[in-house]
A.B. asks: 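Let me begin by handing over the structure; questions about it come next.
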Amino acid sequence: MIDYDTLNPEQLKAVLHEDGPLLILAGAGSGKTRVLTHRIAHLIEECDVNPYSILAITFTNKAAQEMRHRVDRLVTTGAEDIFVSTFHSMCARFLRRDIDRLGYENSFTIYDADDQKALIKSILKDFQVDTKVFKERTFINAISDAKNDLITAEEYDSSTAGNYNLQKIAAVYLEYQRRLKANNALDFDDLLMKTVELFKEAPDVLERYRRRFRYIMVDEYQDTNHAQFVLLRQLAERIGDDGSIEHNLCVVGDDDQSIYRFRGADIRNILDFESQYTDTTVIKLEKNYRSTQTILDVANGVIENNIERKAKTMWTDNPKGDAVKLNIYDSDILEAKGIADDIEKRRSDGVSLSDCAILYRTNAQSRLLEEQMVVRGIPYKLVGGVNFYSRMEVKDILSYLRTVENGLDSLAVTRILNVPKRGIGNTTVSKVQAYADLRDLSFFEALCEVPYIQGISASTKAKITAFTELITNLRSKAANERLSVEEIIDEILNETGYIDYIDEYADSDDEVIERRSNIDELKNKAAAFEESLVLSDSEAMPLSAFLQEVSLVSDIDEVDDSVGGVTLMTLHSAKGLEFPYVYICGLEEGLFPGRSVLMSEDPGSEIEEERRLFYVGITRAMKELTLSCAKQRMLRGEINFNDKSRFLKEIPPHLLDITSNTKPHTYISERERPSRRNFDDSGFEPDVPYRSSFKQKQYDISDEFIFDLETPSSFKSPKASSSAGPAVARQAPRSFGSRDASTLGFAVGDTVSHMKFGEGVVKDIVSGGKDFEITVDFPTVGTRKMLASFAHLKKV
DNA sequence: AGTCACGTCGTTTTT
DNA sequence: CGACGTGACT
């Protein structure tokens with residue numbers, strides 16, 4: 001039953017919108033999921049729209065499930081027919097059906113990050129690239145970036161002609177694609193890119209989906225990349241019988257919550273939506289239903305410091321609530337203990353543990369927190385870290401399944417060829433590989449021809465033949481006896497003696513138990529999955545569908561809401577969630593914002609992304625928010641002494657309740673302090689000019705600190721370490737602070753040029769202490785505010 | 001072929 | 001600190 005009365009006017013307007021492009025700018029906690037579900041329900045119930053023709057794209061599989069659930073509660077029937085999915089799952093389904101049109105086999109494998117890395121590694125080895133000089137990460141990132149921008153290997157190659165380094169990347173990219181195809185595999189980025197390609201190459205396929213999906217809705221639109229943008233454009237264009245063009249595309253997003261630029265998300269997708277789709281209806285949802293007034297004020301105070309954003313202010317009717325707490329600890333360990341203490345206190349006050357979440361910037365921070373939870377017997381749920389499906393034993397079994405399913409997947413075959421140990425070593429593998437390369441065979445095919453390969457001993461040949469027979473037997477047995485995935489796994493375990501292998505190689509009894517239970521868990525998941533397949537009478541092959549499912553689940557999808565416990569996760573994973581009690585820890589310079597951000601060439605925009613991440617974290621909290629930082633932290637085996645995060649200074653002080661849990665003079669023992677390490681390692685290179693973002697508001701709470709964090713450049717002096725006793729606030733030098741506006745080289749009224757936006761007229765110059773905020777009117781993009789130090793404006 | 005000991009290097013964040 | 005690769009030895 002749809003209850004329109006509970007919606008506010010803007011929400012209602014969005015829900016009732018039927019045809020034409022719709023952009024919903026939905027701030028944190030503004031009830032956007034409610035709007036989306038109600039809109040879908042409205043279309044079905046009131047507008048006679050067939051649920052089958054509705055496509056809803058969410059950020060995670062879990063969000064997809066939940067959306068379907070919530071629609072189901074609103075409509076009488078049909079919620080199960082809505083296509084709700086993530087971009088990646090959707091593409092995988094499309095490709096599974098039609099990728100043969102692009103010359104792949106429909107039984108393709110999806111490579112995860114590990115597979116991708118292994119493949120790149122083998123290419124670099126064959127190309128004799130020195131990975132000390134050219135890091136494999138560089139190649140992976142460059143290829144991924146290219147794919148997200150829909151640049152093929154061939155295009156990359158021709159567009160980089162003349163650039164030695166980029167040509168090297170191009171060569172690897174070309175080979176990478178060649179091998180992916182030879183293995184009949186796609187990586188994550190390919191899922192998007194190949195779908196776009198499929199739609200271009202096979203217009204009839206595109207037409208089928210265009211006809212089907214009359215209404216498309218996309219959540220978290222601010223985090224879409226170029227490939228996703230193009231994909232949506234392809235799908236959303238529907239040519240009516242009368243030749244009219246419809247774009248029934250509804251996107252929901254919040255530019256302040258864009259936190260995935262590092263993986264290609266293009267914030268312009270949301271900022272330019274109106275200009276991309278003519279006649280767009282724009283609706284802003286600025287009323288927050290989630291958080292207290294105070295939490296919201298803190299969030300607003302922080303995000304206001306970003307320049308690159310659409311102006312908006314969230315407001316709420318909710319009560320004021322408690323002040324946001326900031327706890328300052330001497331060390332990371334004490335921080336973890338402090339948080340655990342606090343949660344225990346809440347627990348004894350009757351707060352449910354599942355109402356509490358601890359958020360942090362990096363996964364590595366979870367360890368200390370976990371330890372404290374274990375020590376105190378506080379149940380907790382850890383999101384992320386080592387993915388279940390990347391555990392060694394799980395990957396081994398999956399590789400067997402992949403080999404059974406897709407014999408071309410050489411990566412999977414090489415992984416299991418000698419697992420459990422069969423006495424087939426690297427030299428043999430190389431010989432087989434050489435034979436395969438020579439005859440243009442897949443690795444497995446070459447293995448099958450091992451009797452004809454020169455230079456391999458008879459005993460080794462026998463071992464290989466035993467392996468290929470094992471696989472072919474599994475294959476035919478699975479097919480002939482129509483084995484379930486679970487039964488195939490059992491078959492694998494029996495035939496290979498994998499369980500004995502675990503017993504033999506595990507270091508401890510605990511490890512044996514752990515690994516065995518992981519395999520049981522995998523079997524359970526397989527069984528549960530097949531059951532769901534039967535229910536949804538899908539025609540998909542169970543094994544192939546299972547493998548696909550498994551490669552696309554995210555960590556957050558794995559969280560079980562039905563079990564209690566404190567949730568521990570990264571700020572990124574927390575996107576879209578809410579908790580009554582939220583802890584954000586590790587608020588230190590060098591950690592949050594991260595070290596690499598501070599050192600990057602363009603810290604300005606990267607710090608803005610970090611700030612958005614903080615904003616996302618703050619706005620997860622409903623009732624109470626507790627922030628914390630530590631003066632001393634173990635990072636990569638070294639003790640670091642970092643300043644409190646700059647973001648803390650952006651919080652209006654009257655909203656902040658600061659507690660300093662520090663014991664001056666005792667927190668760093670001389671023994672603990674490594675002599676070779678001193679304070680100029682606080683995350684700042686002496687010669688890298690550091691610039692903070694322009695601060696509209698910044699509050700001085702530096703007396704809570706050992707150092708003043710205003711000027712990291714002051715840590716240059718080695719003397720800082722020797723005299724850095726407790727509570728010595730350092731005076732901030734003004735060395736590259738207040739410049740005169742005349743040094744800019746332009747004034748109000750001048751025409752200047754900008755790299756991206758072209759020429760524009762300077763409207764205003766405001767001094768921000770260290771930098772200048774320049775307002776420029778561009779004919780192309782309108783009025784923009786930017787920082788002089790990042791914008792590189794030149795007078796024309 | 002397999003194992004062990006030592007050196008290097010690095011972290012954001014994830015579908 | 002810990003994962004991972006290299007190289008020498010059994």
Side-chain angles (χ1 to χ4, degrees), chain A residues 57-64 85-92 110-114 116-118 121 124-125 131-132 135-137 140-141 144 147-148 186-193 220 223-225 227-228 258-265 332 359-368 383-387 389-390 392 418 420-429 457 459-460 463 504-505 548 551-557 569-575 586 590-600 606 609-610 612-614 616-617 633-640 674 683:
Chain A
I57 299 174
T58 56
F59 202 68
T60 62
N61 296 299
K62 197 177 183 201
S85 166
T86 63
F87 270 107
H88 293 271
S89 301
M90 174 181 81
C91 290
I110 299 169
Y111 276 4
D112 67 13
D114 289 337
Q116 193 181 19
K117 200 168 149 199
K121 207 173 266 180
L124 295 185
K125 200 175 169 191
T131 50
K132 296 245 156 65
K135 300 265 178 293
E136 66 190 26
R137 265 295 285 278
I140 293 173
N141 288 341
S144 177
K147 287 183 177 182
N148 286 329
L186 302 182
D187 66 16
F188 283 130
D189 302 315
D190 277 340
L191 291 174
L192 303 171
M193 192 169 174
E220 309 285 6
D223 282 322
T224 52
N225 60 34
Q228 290 163 333
S258 162
I259 53 173
Y260 282 101
R261 221 166 33 157
F262 71 89
R263 72 171 201 217
D332 45 1
L359 312 180
Y360 36 80
R361 180 65 240 269
T362 62
N363 279 309
Q365 288 167 259
S366 70
R367 257 188 50 179
L368 289 177
V383 182
V386 195
N387 186 302
Y389 296 104
S390 1
M392 192 245 286
N418 201 27
K421 299 262 181 292
R422 298 189 175 88
I424 307 171
N426 284 330
T427 41
T428 310
V429 170
S457 72
S459 66
T460 309
K463 289 169 188 164
E504 198 176 327
Y505 281 90
Q548 171 172 317
S551 52
L552 293 176
V553 292
S554 70
D555 295 323
I556 200 84
D557 295 332
M569 65 186 147
T570 62
L571 288 145
H572 281 89
S573 298
K575 187 166 87 155
L591 184 63
F592 191 22
R595 194 187 175 103
S596 50
V597 168
L598 300 174
M599 312 253 273
S600 85
E606 292 200 36
E609 173 127 332
E610 295 277 298
R612 288 193 291 270
L613 191 55
F614 188 36
V616 167
R633 181 176 299 274
M634 184 74 103
L635 219 61
R636 296 200 307 271
E638 283 179 332
I639 299 171
N640 283 59

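Reminder, nothing fancy here: chain letters follow the sequence lines and each chain counts from 1.
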A.B. asks: Just checking A/Lys135: base, sugar-phosphate only, or nothing, at a heavy-atom cut-off of under 4.0 Å?
C.D. replies: sugar-phosphate

A.B. asks: Consider the side chain of A/Thr427, meaning its heavy atoms from C-beta on, and name the nucleotide among B/dG10, B/dT15, B/dA1 that approaches it most closely.
C.D. replies: B/dA1

A.B. asks: Counting the atoms with a prime plus P, OP1 and OP2 as sugar-phosphate, which does A/Asn418 contact under 4.0 Å by heavy atoms, base, sugar-phosphate, or nothing?
C.D. replies: sugar-phosphate

A.B. asks: Starting from the 5' end of DNA chain B, give me the residue, A/Gly384 or A/Leu635, whose nearest nucleotide shows up first.
C.D. replies: A/Leu635

A.B. asks: Nearest nucleotide by nearest heavy atom, which residue falls closer to the 5' end of DNA chain B, A/Tyr260 or A/Gly637?
C.D. replies: A/Gly637

A.B. asks: B/dT11 base to A/Arg636 side chain: any donor-acceptor pair below 3.5 Å?
C.D. replies: no

A.B. asks: Establish, from distance only, whether the side-chain atoms of A/Asn61 and A/Ser89 form a donor-acceptor pair under 3.5 Å.
C.D. replies: yes

A.B. asks: Please determine if a side-chain N or O atom of A/Thr570 lies less than 4.0 Å away from the OP1 or OP2 oxygen of B/dT14.
C.D. replies: yes

A.B. asks: Side chain of A/Thr86 only, please: which of B/dT15, B/dT13, B/dT12 is the nearest?
C.D. replies: B/dT15

A.B. asks: Quick one: label A/Arg367 by what it contacts on the DNA or RNA (base, sugar-phosphate, nothing), any heavy atom closer than 4.0 Å.
C.D. replies: sugar-phosphate

A.B. asks: Can you measure A/Asn387 atom CG to B/dT14 atom C1' for me and round it to whole angstrom units?
C.D. replies: 10 Å

A.B. asks: A/Asn148 has an atom CG; how far is it from atom C1' of B/dT14, in whole Å?
C.D. replies: 12 Å

A.B. asks: Might you confirm whether atom NZ of A/Lys117 has over 12 heavy atoms from other residues, nucleotides or ligands at distances under 6.0 Å?
C.D. replies: no

A.B. asks: Under a 3.5 Å cutoff, is there a donor and acceptor pairing between the side chains of A/Ser366 and A/Asn363?
C.D. replies: no

A.B. asks: So A/Lys121, base contact, sugar-phosphate only, or nothing? Heavy-atom distance under 4.0 Å.
C.D. replies: sugar-phosphate

A.B. asks: Fit a plane to each ring of A/Tyr260 and A/Phe59, take the angle between them on a 0 to 90° scale, and name the class: parallel (under 30°), tilted (30 to 60°) or perpendicular (over 60°).
C.D. replies: tilted

A.B. asks: When you get a sec, tell me which of B/dT13, B/dT15, C/dC4 is the closest nucleotide to the side chain of A/Ser554?
C.D. replies: B/dT15

A.B. asks: What is the distance from CG of A/Asn426 to P of C/dA8, rounded to the nearest Å?
C.D. replies: 16 Å

A.B. asks: Looking at B/dT12, B/dT15, B/dA1, which one has an atom nearest to any side-chain atom of A/Thr428?
C.D. replies: B/dA1

A.B. asks: Return yes if some donor-acceptor pair links the side-chain N/O of A/Arg612 with the main-chain N/O of A/Ser258 below 3.5 Å, else return no.
C.D. replies: yes

A.B. asks: Applying a 4.0 Å non-hydrogen cut-off, can you work out what A/Val597 is touching in the nucleic acid: base, sugar-phosphate, or nothing?
C.D. replies: base

A.B. asks: Could you give the NZ-to-P distance, from A/Lys421 to B/dA1, as a whole number of Å?
C.D. replies: 12 Å

A.B. asks: Specify the separation, in whole Å, of atom CG of A/Asp112 and atom P of B/dT14.
C.D. replies: 14 Å

A.B. asks: Take the protein atom CD of A/Glu609 and the nucleotide atom P of B/dT13, then report the distance between them rounded to whole Å.
C.D. replies: 14 Å

A.B. asks: Can you check the distance between B/dT11 and C/dT6, where both ends of the measurement are the C1' atom (answer in whole Å)?
C.D. replies: 23 Å

A.B. asks: Picking from B/dT11, B/dT12, C/dC4, which would you name as closest to the side chain of A/Thr362?
C.D. replies: B/dT12

A.B. asks: What is the distance, rounded to the nearest whole Å, between atom CG of A/Leu552 and atom P of B/dT15?
C.D. replies: 10 Å

A.B. asks: Can you figure out which of B/dT13, C/dC4, B/dT15 approaches the side chain of A/His88 most closely?
C.D. replies: B/dT15

A.B. asks: Kindly point out which of B/dG10, B/dT14, B/dT13 is positioned nearest to the side chain of A/Arg361?
C.D. replies: B/dT13

A.B. asks: Give the rounded distance in Å between these two atoms: CG of A/Asn640 and P of B/dT12.
C.D. replies: 14 Å

A.B. asks: Tell me if the CZ atom of A/Arg367 is crowded by more than 12 foreign heavy atoms within 6.0 Å.
C.D. replies: no

A.B. asks: By nearest atom, which of the nucleotides B/dT13, B/dA1, C/dG2 is closest to the A/Phe262 side chain?
C.D. replies: B/dT13

A.B. asks: Using a heavy-atom cut-off of 4.0 Å across all strands, would you classify A/Gly594 as base, sugar-phosphate, or nothing?
C.D. replies: nothing

A.B. asks: Just how far is it from atom CD of A/Glu610 to atom CD1 of A/Ile259, taken to the nearest 0.5 Å?
C.D. replies: 10.5 Å

